[in-house]
Amino acid sequence: AGCGTGSKSISSIAYYDLGAVQPAPNNRIVASLRSIDVFAVSWLDSSAMQYRLLYAANQRRQNYAESRWVAPPAELLGHALRKRMLSGSASGACRLRVDLDEFAQIFDSAKASRVVLEARVQLAEPTGGEILARRSFSLSRPAASADAGGGAAALAGAVEAFSTELHDWLGGLDRTAAPGLNIAQRCRS
């Protein structure tokens with residue numbers, strides 16, 4: 001008699017992930033990387049789906065009560081990046097470190113929201129850990145609906161866009177705009 005009041009049924013919680021992740025086409029940087037490691041700030045170290053109401057409570061980070069990620073955002077992002085950017089034939093030795101600073105849905109009004117993904121990335125050489133290159137990324141995408149499902153779908157799109165931008169940035173490190181980096185040579189195992 002005492003178990004029916006006060007708490008939501010576990011079966012009423014909706015669990016979200018980033019959908020089916022496909023490898024990036026023309027993946028020319030696979031040979032340069034050995035690993036992709038993703039770390040997150042402490043407040044993103046849970047499966048809570050977070051949002052912020054800019055129009056009402058700008059300084060409050062809130063969690064959806066009946067929606068969760070299947071894993072913490074760093075784990076979801078790491079899985080997606082490894083699936084898109086590494087293959088079973090990866091023979092490189094460089095390490096990519098991604099520090100996730102934001103992964104949330106932002107409500108500009110009660111009916112309009114967008115998602116924000118912010119990360120800092122470092123490419124480290126295999127020996128000695130020298131940082132070869134670093135860059136910050138900030139992506140924002142509108143959500144189709146002002147709810148957890150709309151936020152999850154928009155964040156999946158932001159992760160795909162992030163992986164594309166990351167792939168293009170890494171691929172451009174050997175171009176003339178970045179003389180002397182020679183990533184292909186420095187990341188050989």
Side-chain angles (χ1 to χ4, degrees), residues 2-23 33-86 95-124 134-167:
C3 4
T5 61
S7 68
K8 295 280 181 191
S9 165
I10 291 178
S11 63
S12 69
I13 295 176
Y15 290 92
Y16 292 91
D17 62 17
L18 299 175
V21 179
Q22 301 299 319
L33 296 177
R34 173 182 70 203
S35 66
I36 299 173
D37 299 310
V38 180
F39 303 92
V41 291
S42 61
W43 55 87
L44 291 176
D45 194 23
S46 78
S47 62
M49 293 184 76
Q50 299 181 6
Y51 66 92
R52 187 182 298 273
L53 303 175
L54 286 187
Y55 65 94
N58 184 26
Q59 298 190 339
R60 281 187 59 204
R61 183 175 288 269
Q62 300 179 60
N63 301 325
Y64 280 103
E66 295 182 10
S67 299
R68 305 272 186 285
W69 292 113
V70 297
E75 189 176 335
L76 292 170
L77 179 60
H79 173 75
L81 291 177
R82 286 186 288 277
K83 182 130 181 173
R84 282 188 60 82
M85 299 174 68
L86 296 179
R95 294 172 289 118
L96 192 68
R97 178 186 172 113
V98 177
D99 289 296
L100 185 61
D101 293 325
E102 187 61 279
F103 194 84
Q105 188 171 9
I106 308 296
F107 287 84
D108 296 306
S109 71
K111 296 186 182 205
S113 69
R114 58 189 163 89
V115 297
V116 175
L117 186 159
E118 293 177 351
R120 293 168 287 121
V121 178
Q122 296 179 344
L123 178 67
R134 67 181 78 209
R135 180 173 168 197
S136 294
F137 293 83
S138 181
L139 293 94
S140 178
R141 298 287 182 270
S145 59
D147 57 13
L155 277 162
V159 166
E160 186 173 337
F162 173 59
S163 69
T164 299
E165 285 187 30
L166 185 57
H167 183 274

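Basis for what follows: all heavy atoms, side chains included, without hydrogens, waters or symmetry-related copies.
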> Would you say the side-chain atoms of R82 pair up with the backbone N or O of I36, donor to acceptor, closer than 3.5 Å?
Replying inline: yes
>> Please give me the minimum heavy-atom distance between Q50 and W43, naming the atom from each residue.
In response: NE2-O, 2.6 Å
>> Let's go through E165 and L139 carefully: what are the C-alpha distance in whole Å and the side-chain angles of both, what is the deciding distance for side chain to side chain contact (heavy atoms under 4.5 Å, CB included) to 0.1 Å, and is it a yes or a no?
In response: CA-CA 10 Å; E165 285 187 30; L139 293 94; 3.7 Å; yes
> Within a strict 4.5 Å, meaning less than it, do heavy atoms of the L33 and L123 side chains meet?
Replying inline: yes
>> Less than 3.5 Å apart, any donor N or O on the side chain of S113 or Q105 sitting next to an acceptor on the other?
In response: yes
>> Restricting to side-chain hydrogen bond (donor to acceptor under 3.5 Å, both in side chains), what partner residues turn up for R120, sequence neighbours left out?
In response: D101
> Taking only residues two or more places apart in sequence or in another chain, which ones pass side-chain contact (heavy atoms from CB on, under 4.5 Å) with D37?
Replying inline: S35, F39
> For S145, which residues count as a side-chain hydrogen bond (donor to acceptor under 3.5 Å, both in side chains) partner, sequence neighbours excluded?
Replying inline: D147
> What heavy-atom pair brings M85 and S163 nearest, and what distance separates the two atoms?
Replying inline: SD-O, 4.2 Å
>> For E160, give me all partners under side-chain contact (heavy atoms from CB on, under 4.5 Å), at least two apart in sequence or on another chain.
In response: R84
>> Please determine whether side chain to side chain contact (heavy atoms under 4.5 Å, CB included) holds for the pair L166 and L96, giving the CA-CA distance in whole Å, both sets of side-chain angles, and the decisive distance to 0.1 Å.
In response: CA-CA 10 Å; L166 185 57; L96 192 68; 3.8 Å; yes
> Does any N or O in the side chain of R34 come within less than 3.5 Å of the main-chain N or O of R95, such that one atom is a donor and the other an acceptor?
Replying inline: no
> Which heavy atom of A143 sits nearest a heavy atom of G150, and at what distance?
Replying inline: CB-O, 3.7 Å
> What residues, two or more places apart in sequence or in another chain, satisfy ring-ring contact (aromatic ring centres under 6.0 Å, His included) together with Y51?
Replying inline: Y64, F107
> What's the shortest heavy-atom distance between A112 and A146, and which atoms?
Replying inline: N-CB, 4.4 Å
> Where is the tightest heavy-atom contact between V115 and A158, given as atom of each residue plus distance?
Replying inline: CG2-CB, 4.3 Å
> Residues two or more places apart in sequence or in another chain: which of them pass ring-ring contact (aromatic ring centres under 6.0 Å, His included) with F137?
Replying inline: F162
> What residues, two or more places apart in sequence or in another chain, satisfy side-chain hydrogen bond (donor to acceptor under 3.5 Å, both in side chains) together with R114?
Replying inline: D108
>> Please give me the minimum heavy-atom distance between L76 and A71, naming the atom from each residue.
In response: CD1-O, 3.5 Å
>> Applying salt bridge (charged side-chain N to carboxylate O under 4.0 Å, His left out), can you list everything that pairs with R61, at least two apart in sequence or on another chain?
In response: E102
>> Going by the rule side-chain hydrogen bond (donor to acceptor under 3.5 Å, both in side chains), which residues pair with D17 if we only count those two or more places apart in sequence or in a different chain?
In response: none
>> Which residues pass the side-chain contact (heavy atoms from CB on, under 4.5 Å) test with A144, not counting sequence neighbours?
In response: none
> Which residues pass the side-chain contact (heavy atoms from CB on, under 4.5 Å) test with R68, sequence neighbours left out?
Replying inline: I13, Y15, S47
